[in-house]
**Student:** 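Have a look at the structure that comes next, please.
What you see below is based on every heavy atom in this structure, not just the backbone, and it leaves out hydrogens, waters and symmetry mates. Lettering of chains follows the sequences in order, A, B, ..., and the numbering in each one begins at 1.
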Number of protein chains: 2
Amino acid sequence: MENLSALFNPASVAIIGASGKPGKIGNIILKNVISSGYGGQIIPINPREKEIEGYPAYASVTEVPGSVEVAVIAVPAAGVLPVVEECGRAGVKHLVVISAGFKETGAEGLEREKELVATARKSGMRVVGPNSVGIMDTHTPLNASFAAGFPGRGEITFISQSGAMLVAILDWSLITGLGFSKFISLGNKSDLNEADFIAAVADDPTTKVILCYIEDVADGLRFLEVSSQVCRKKPIVVLKSGTSQAGAQAASSHTGALAGIDLAYEVAFRQAGVIRVPTMAELFDLAVAFAQQPVPKGDRLAIVTNSGGPGIVATDSAERQGLTIARFNKATLEALRAELPREANIYNPVDVLGDARADRYRFALEKVLADESVDSAVVLVCPTATAEPGETAKAIVEVARRFPDKPLFGVYMGGEILKEGVDILSAAGIPCYTFPETAISAMRGLAQYARLKNSPLPAPRPVFEGVDRERVANIFRAVKEDNRLVLLGSEGAAVVEAYGIPVSPTRLATRAEEAVAVAEEIGYPVVLKVASPKIIHKTDIGGVRMGLDTPGEVMAGFWAVMSNVQRSLPEVIPHGIDVQRMAPKGTEVIIGMSRDVHFGPLIAFGLGGIYVNLLEDVSFRLAHGLSRMEIEKMIMETKAFTLLRGYRGQKPADIAALVDIVARVAQLVIDFPEITEMDINPVFAYVSGAQALDVKITIS
Amino acid sequence: MENLSALFNPASVAIIGASGKPGKIGNIILKNVISSGYGGQIIPINPREKEIEGYPAYASVTEVPGSVEVAVIAVPAAGVLPVVEECGRAGVKHLVVISAGFKETGAEGLEREKELVATARKSGMRVVGPNSVGIMDTHTPLNASFAAGFPGRGEITFISQSGAMLVAILDWSLITGLGFSKFISLGNKSDLNEADFIAAVADDPTTKVILCYIEDVADGLRFLEVSSQVCRKKPIVVLKSGTSQAGAQAASSHTGALAGIDLAYEVAFRQAGVIRVPTMAELFDLAVAFAQQPVPKGDRLAIVTNSGGPGIVATDSAERQGLTIARFNKATLEALRAELPREANIYNPVDVLGDARADRYRFALEKVLADESVDSAVVLVCPTATAEPGETAKAIVEVARRFPDKPLFGVYMGGEILKEGVDILSAAGIPCYTFPETAISAMRGLAQYARLKNSPLPAPRPVFEGVDRERVANIFRAVKEDNRLVLLGSEGAAVVEAYGIPVSPTRLATRAEEAVAVAEEIGYPVVLKVASPKIIHKTDIGGVRMGLDTPGEVMAGFWAVMSNVQRSLPEVIPHGIDVQRMAPKGTEVIIGMSRDVHFGPLIAFGLGGIYVNLLEDVSFRLAHGLSRMEIEKMIMETKAFTLLRGYRGQKPADIAALVDIVARVAQLVIDFPEITEMDINPVFAYVSGAQALDVKITIS
């Protein structure tokens, strides 16, 4: 992965467009660099000044005697390109372009932005922005931005596509005391994007957790590749906005980005090992949790409380969030029973009762954390008459130190009375919340990451040899020459057949005699289906004849279908009639593909047949990186699987055969980007084998 | 509804068990009553003191010269009963029993609790508790509890089944400044329960919103009745815990309450017009929203922001929560276009841009609030360089005053820089949040309540005359005499027939000749099904023969079924064979019933046939109060409805006939509480009419 360490920890920073006038953006940036305590060389660039804020100024970056590692550019848009050229000549390593007036303003701006990147890359420079608020690193330290304020030092790196969001969070961090490692304002992502920065901090010792706010991804497949590697080193938590229709519209008008569909993001994030959160509050709750607490071994949670109600609320929440309420082992239960009052609940959630003082909390918490069937704990403290909030907090801190591998959160339900305890916990790096649900939700994030981190690296997508690309390319060429984009059934069948997918033999016949000849060749019984991309519901107009057993039936069927079509849709001239060998009935499933603008082909699997739209029983995966195991999981997520594995005493279907078909479809749609849509409905799954029946393909 | 005003605003309060010793509960309560500023007569009761905390003390409540309206009892459990008797003699109106040691301790305690209530009710006294923290009313003012602290005055009434929860919220309210009207600690709910208090504050002018934390309901049907009335006057917001399996277990062990299933609560809350929230945070966010802001006319939201990203986040959240992003009318758009900068987004979410000062916010907010297609607004402020947080807040307050019917929330995303603005909004009663999602979630609660408040009162449950209760009672008697709890198919058919539900004729035959006679009577073709409550999957063992057209086939079928059963299950002696007339195939639905411990019969409707378990396409309603319109809605919620209304060109089914069957099932299971479970699967729905096929009934 690319090394961007010079960007965050440069030996020298030039501020191009630096100014001495307070309030000017070039002044704010310069002062921010200075006041952040940056220890490298600070070089204001301004053609009209000799010195700014006590630093010698230069007319151009090319006149600076030493080398410049990072140039922050804050000149008007029209002046950016010449400056970038100068930076190239001066050997600058990286650019942070604050200037606005690029892609976000329309076509002309987009052109200017492309030139900017091309110029920079010619000299080997990487670009942050344009239209960026800048970057910060609290460990260097360096504040190369125009944001007001510099966060406290911490281990959270925040990558934001929205400058306002970054500034807001910065301001908010100052009152909450939340520490950060890096703030990165992506701006227009003309060159460096979220994937580059995720890669850049993968091995950064000052980053424990990576937060992203994004409205789109710049390069879907690279994001997938980078994230699925990095997520095994540190958690990546993402808030992706523009998920709703109205939100996506607002996002497009805001950044000019093409949003893509949320379903594709949802699927991609899962495949990328990213933890997606739905709200800003959860983004930062999780950030704190990851920054301050260890990753648990698993999802078995212990709850210790001094009152029943809140304990139940926490338990509900844990179960709703998919955590496991730990079952203590016998020794733990016996120890709790021996020491706690008779009325105490020794099962999880442990209720140490309203009269519990610090020592009882210490005892119970230690016992449950020592239990090997417990991975994590949440301690609830209500302001009862005898509660000792401060002493209890000290006890919690003490016990927590002895179990450094088990994450622990406090929930202090109340205000003034409990404040001392909250402060003690916070100071010791134990996150403390007012309500149980927030703690549980954060714990769920940790447990989710534990699963991710420990999951095996995904196997590669299987690649099938011996597929006949040439044949598929020829079919597509012929279809285009026929001025069509939709393939006939016989063409679709030939395409999947070329990729080794078993399909019931299907040939186009333009005359009745030809239909009989085809039937004789492929074998009876056959089905006849009118072949026309213009006819969607073939059955409804009498365009299908099933179970024809003899040449005579085929002959009669041919004429019947043709005259039905003629009667119902006189304006349509069919290409002919598809003759298909009738397949024995199997369990009907559907395998489909649609194409996302960012992530490419999205494969769908689900229950087939006439109820497919009614039941919407479909699971999705990206074709890229789709391993056999993922296909199996994909199948298992559907209700169709309940049928496939043998419903009500039926024999199980051949899942492996279905996995094979899905994998071959994935290869086909990756090999041929011109396939815009594809549906095999139904595929019949048998006790042994599976077979495609009806193949619909649309190309571009 | 019962008047409990003397409980919250009594002329005199006796504290039985009052003490002069600091730290003693009887001292804490007395001091709380005094320090709350209570203006009525304060009477300490203590046999060993003449004066406590400056008030003359009496040995017994019977010795008090004047009348005592409320007695707070804080003596040990064993001493409570005599004290209650004395209160009865002394003409006390209401008791607040703080003492613990009742139901929550087991069988003996439960007995004591029952005696307590019986004794009190004999003298016309109502009881809060026992095991209650007490009650508070900030408007009286009166703090008749042992909780530390007294909340600020406000218009929120909080009813809590958990004392600790109440104390925690009280403590929390003191730092957040949230005001309350009443705090009610329900304790064991031996007499007065949540429904009583909801009814009691229905017309209380100091209560604008009713909050409940409950772990169960004491009387499901009364809760339904009371809430569905009160919810049209003021919002009832409920956090019901014990929703998860582990949570319900914890709740049972905590309060000894039988939790009931969460599904029944979910359905009941919807029917009761209650707003259910999943978390404590949402409970109090909604409380603030209802207390401070008006109820909107509808769910059309306007968003005004000074930055794109947060605007998109808010928009996503609004759409996810089911709010409508308002579409401004032409005049609004023209006005915004004319005054806002060219780069501003004038469509919703309105982006007034990062350089917006207060005047631009004022202008935009006024325009969108004046638009009649806008019901509510959220204003987002990010800490940009030119933001004027304070001035903007003043502008928001000013504009808000001119639109008193449209709720408005602020979102100030940041910390220190924005504080002035947050304070100004809060002081003006405009709730202000750090992140957009919280504001949106609260707004959704307001919109949800708007729908509720304006919805028509539910129609009554239809009551069918001419049902044959006697016949059903006789069948049940016969089944019990046969030492069974599960009805045979023929018996089930007879039961529903007695309630006017069309059912395919079904008779039990014990001999082959009898089966033929039945077939001759009911008409061919017929189905034979082995009749035995011990055989679940009849088809699997060859216990069913379909489509029998002649006496010979029936005869042969009878022997075949009997010998199949004999072979597969030699230990089972069937009651005989059910002979049923074969019904023409219709759309298969299921109508079922299970019984909840709190809310009685729960009716299920869904897709029938063999996929019923696979697809879980079922909607639920309580039988009590189930109107025809609700049954229609219930049907429309299912995917089965897509089939019923005519799927893929089929004719629609007779929905009215299904509504009728559901209504008759509701009446049957209300009339006969001994029916513990019931399933009609399938019911065949036809283009005209519907018919029950297979009726399973279990009685107790």
**Student:** Is chain A contacted by the side chain of Thr434(B), its backbone, both, or neither, given a heavy-atom distance below 4.5 Å?
**Tutor:** side chain
**Student:** What part of Ile417(B) lies closer than 4.5 angstrom to a heavy atom of chain A: side chain, backbone, both or neither?
**Tutor:**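 For Ile417(B), the contact with chain A is made by backbone and side chain together.
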**Student:** Under 4.5 Å, counting heavy-atom pairs only, tell me which of Ala148(A), Gly354(A), Pro278(A) racks up the most with chain B.
**Tutor:**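 So the answer, after comparing Ala148(A), Gly354(A), Pro278(A), is Pro278(A).
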**Student:** Heavy-atom distance under 4.5 Å to chain B: side chain of Tyr347(A), backbone, both or neither?
**Tutor:** neither
**Student:** Hey, which of Ser160(B), Ala168(B), Ala147(B) has the most heavy atom pairs under 4.5 Å with chain A?
**Tutor:**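 That would be Ala168(B).
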**Student:** Report yes or no: does Glu437(A) contribute a side-chain atom to a donor-acceptor pair with the main-chain N or O of Met280(B) at less than 3.5 Å?
**Tutor:** yes
**Student:** Applying side chain to side chain contact (heavy atoms under 4.5 Å, CB included), name anything that partners Thr105(A), two or more places apart in sequence or on another chain.
**Tutor:** none
**Student:** Which bit of Phe146(B) is near chain A, if near means a heavy-atom gap under 4.5 Å: side chain, backbone, both or neither?
**Tutor:** neither
**Student:** What pairs with Glu266(A) under side chain to side chain donor-acceptor pair (under 3.5 Å), at least two apart in sequence or on another chain?
**Tutor:**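 Partners of Glu266(A) under the side chain to side chain donor-acceptor pair (under 3.5 Å) test: Arg276(A).
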**Student:** Hey, is CZ on Arg320(A) packed in by over 12 heavy atoms from elsewhere, all under 6.0 Å?
**Tutor:**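 Count over threshold, so yes.
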**Student:** Would Phe435(B) and Trp172(A) count as a side-chain contact (heavy atoms from CB on, under 4.5 Å) here? Give the steps.
**Tutor:** CA-CA 10 Å; Phe435(B) 295 131; Trp172(A) 172 75; 4.0 Å; yes
**Student:** Using non-hydrogen atoms only, which part of Leu418(A) is less than 4.5 Å away from chain B: side chain, backbone, both, or neither?
**Tutor:**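 Both backbone and side chain.
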